[in-house]
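The sequence lines fix the lettering, A, B, ..., with proteins before strands; numbering per chain opens at 1.
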2 protein chains.
Amino acid sequence: MSDFGQFCPIALASEVLAQKWMLLVIRELNAGATRFNDIRRGVPRISPTLLKQRLTQLEAAGILFTRSLQGSRGVEYVLTESGLELKSVLGAVGQWGQRWARDISADDLDPGWLVWAMHRRLDQSLMPDDPVTLALEFVDGPAKQRFFWLVCSNKAVEVCVKPPGFETDLWIKTRVITLAEVWRGIRPIQPEIAAGRIDMRGSSDLQRQFPTWLMYSLFAGVERPPRSSLPLA
Amino acid sequence: MSDFGQFCPIALASEVLAQKWMLLVIRELNAGATRFNDIRRGVPRISPTLLKQRLTQLEAAGILFTRSLQGSRGVEYVLTESGLELKSVLGAVGQWGQRWARDISADDLDPGWLVWAMHRRLDQSLMPDDPVTLALEFVDGPAKQRFFWLVCSNKAVEVCVKPPGFETDLWIKTRVITLAEVWRGIRPIQPEIAAGRIDMRGSSDLQRQFPTWLMYSLFAGVERPPRSSLPLA
DNA sequence: CGGTATCCCCCGCGATACTG
DNA sequence: CAGTATCGCGGGGGATACCG
């Protein structure tokens, strides 16, 4: 994917950006990930080989640079000014995707990805000072992706796939599609709770507060227009 | 390129948009092209087979629809509302590309593409009422891409690769890179003319007016920052 | 944790020719 | 003009195993 034979800026940009997985890797970096395996968690289906290749291409294109870490092995991947400015591309693509992309199917509904996306969009300023442990159960999730825990302190939110050892303060039980569509801003959360499709158990204070922490997808506020029927047909 | 396994709007949009040639095809459509071979002229290196495939994918994604033409055979490719909204993506990508994409090389300098791009960006409101025929000679162009003619009426601008049969009113002789960099907004045009690197012959009225017709690339006004040296190195 | 190494398959894509 | 048809290859990328 390197030669379009024209010097249009869209063509030149496409050489780098219009490759498989590339925008998703850039999305992770712009969301704050700097470590190899953190990026992988946001792009679970990319192979490590290919991820490394994409990161190398991004470095060659001047979109990121690497910085070695003291203490830990490996490097940090840090966006340059050029990479940070890709936020405008991510915004335009995401906004268009929210409005016009195809409907989602069962194969898109990765519960692990949803949890990973959510954990970055919990408003820590609203959380109590004491750490809170949330348990998520996806009743229709595959065996290995059925339970997740979110350990929220006012410093950070961590995702666990095994019980973290702390007492769980709030249990949330739902189907993947339910939480996914709430996350996408397609359904409001309150009716889902009221109808029991999002089933919460635990401290009633937390039950009331939790929905306010959740900031949803960055594009949740973008309205999805009705699919117009075939034009002129 | 169909399965990223996540329902992020950027991932869903990428399935369609992040394929080879796709953004360039969309660029042509958004620039007003509706006919198969008009699109090809803006994306000369795509094969007809692949172009047809891309157009089919765009239709399946609801980005365009086809409309049969009376009189001529073939169809017209017309953007839907969804397709028109991709202008924001093209804008973001083009802007980023103008600022941060790699420098161009000799292989990017297709004179035919430059002329095709230019012919859409001549301000017809400034042209005289009488038709004007411009001849372009690229002194370093390959034999078959050395001469072009632009026939400008106040209705439309047409590109010819053979003498159009009208008297040429203005000859313009230059190297490809010179006009390309002027087009990109990287060099101002007046010094190029003054230094004779853009050599014009013909009516002195037209010599004065022509530079005012030329609207340059859509991204010519976007400043290209200096490449920062290696960060922290 | 942060990657390499290897293998292999498939299909995306380029090239060319042809047709109504 | 607006595509189809056909062929063939190259390498992109998926899967898996391994390593420091």
Side-chain angles (χ1 to χ4, degrees), chain A residues 1-6 11 14-25 28-29 33-60 64 66-78 107 110 158-162, chain B residues 1-6 11 14-25 28-29 33-59 64 66-78 107 110 116 158-162:
Chain A
M1 174 96 56
S2 75
D3 206 1
F4 296 104
Q6 47 187 255
S14 291
E15 292 177 9
V16 183
L17 305 181
Q19 295 185 84
K20 197 168 183 180
W21 301 109
M22 194 59 105
L23 279 185
L24 303 184
V25 173
E28 291 306 305
L29 292 162
T34 63
R35 307 297 298 273
F36 191 85
N37 279 349
D38 282 346
I39 300 170
R40 282 192 78 183
R41 298 190 75 168
V43 196
R45 292 209 192 170
I46 197 174
S47 76
T49 311
L50 190 49
L51 174 55
K52 180 53 178 172
Q53 187 180 316
R54 289 291 178 265
L55 290 168
T56 304
Q57 292 172 315
L58 287 172
E59 183 169 21
L64 59 76
T66 58
R67 177 203 285 164
S68 55
L69 292 150
Q70 62 282 38
S72 155
R73 208 166 27 274
V75 296
E76 244 186 338
Y77 297 94
V78 186
D107 192 47
D110 180 336
E158 286 207 27
V159 177
C160 305
V161 294
K162 287 188 264 197
Chain B
M1 173 96 57
S2 73
D3 208 358
F4 296 105
Q6 49 187 250
S14 291
E15 292 177 10
V16 183
L17 304 181
Q19 295 184 88
K20 196 169 184 180
W21 299 109
M22 193 59 103
L23 278 185
L24 303 185
V25 173
E28 291 306 304
L29 291 162
T34 63
R35 308 297 299 273
F36 192 85
N37 279 349
D38 281 347
I39 300 169
R40 282 191 76 181
R41 297 188 75 168
V43 195
R45 292 209 192 170
I46 197 174
S47 78
T49 310
L50 191 50
L51 174 55
K52 178 56 178 170
Q53 187 179 317
R54 290 289 179 264
L55 290 168
T56 304
Q57 293 172 316
L58 288 172
E59 183 169 21
L64 59 76
T66 58
R67 178 203 284 164
S68 55
L69 292 151
Q70 62 281 40
S72 153
R73 211 170 16 277
V75 295
E76 244 186 337
Y77 297 94
V78 186
D107 191 46
D110 179 335
W116 184 250
E158 285 207 26
V159 177
C160 304
V161 294
K162 286 188 268 199

- Would you mind reading off the distance between A/Asp3 atom CG and C/dA15 atom P, rounded to a whole angstrom? 10 Å

- Query: A/Glu28 side chain to A/Val25 main-chain N or O, any donor-acceptor pair under 3.5 Å?
  - Reply: no

- Round to a whole Å and report the spacing from CG of B/Leu51 to P of C/dA15. 15 Å

- Message: If the condition is side-chain hydrogen bond (donor to acceptor under 3.5 Å, both in side chains), which residues does A/Asp38 pass it with, not counting sequence neighbours?
- Response: none

- Query: Start at the 5' end of DNA chain D and walk down; is the nucleotide closest to A/Arg45 or to B/Tyr77 reached first?
  - Reply: B/Tyr77

- Message: Can you tell me how the ring of B/Trp21 sits relative to the ring of A/Phe4, calling it parallel under 30°, perpendicular over 60° and tilted otherwise?
- Response: perpendicular

- Message: Just the rounded figure in Å: distance from P of C/dG20 to CZ of B/Phe36.
- Response: 18 Å

- With sequence neighbours excluded, what pairs up with B/Glu76 under the side-chain hydrogen bond (donor to acceptor under 3.5 Å, both in side chains) test? B/Arg67

- Note on the structure: Side-chain contact check for A/Lys52: nearest option of C/dG3, D/dG13, C/dG14 is C/dG3

- Just jot down the side chain to side chain contact (heavy atoms under 4.5 Å, CB included) partners of A/Glu59, sequence neighbours excluded, or say none. A/Leu64, A/Thr66

- In whole angstrom, what separates A/Leu50's CG from C/dT6's C1'? 16 Å

- Item | side chain to side chain contact (heavy atoms under 4.5 Å, CB included) partners of B/Val161, counting only residues at least two apart | B/Phe148

Would you list the protein and nucleotides 16-20 of chain D atom pairs, both N or O, that sit under 3.5 Å from each other?
unit_1 : atom_1 : unit_2  : atom_2 : d
D/dG20 : N2     : A/Arg73 : NH2    : 3.4

- OP1 or OP2 of D/dG3 sitting under 4.0 Å from any side-chain N/O of B/Arg40? no

- Starting at atom CD of A/Gln19, determine the distance to atom C1' of D/dG13, rounded to an integer number of angstrom. 12 Å

- Query: Want to settle it: does B/Ile46 or A/Val75 sit nearer the 5' end of DNA chain C, counting the closest nucleotide to each?
  - Reply: A/Val75

- Expressed in angstrom and rounded to an integer, what is the separation of B/Glu76 atom CD from D/dC1 atom P? 16 Å

- Message: How many whole angstroms separate atom CG of A/Leu69 from atom C1' of C/dG3?
- Response: 14 Å

Throw together a table of side-chain donor-acceptor distances under 3.5 angstrom for residues 39-48 of chain A, partners on residues two or more places apart or in other chains.
unit_1  : atom_1 : unit_2   : atom_2 : d
A/Arg45 : NH1    : B/Asp3   : OD2    : 3.4
A/Arg45 : NH2    : A/Asp107 : O      : 3.4
A/Arg45 : NH2    : A/Asp107 : OD1    : 3.3
A/Ser47 : OG     : A/Leu50  : N      : 3.2

- Does B/Lys20 make a side-chain N or O approach to OP1 or OP2 of D/dG12 shorter than 4.0 Å? no

- Query: Just how far, in rounded Å, is C1' of C/dC13 from CH2 of B/Trp21?
  - Reply: 10 Å

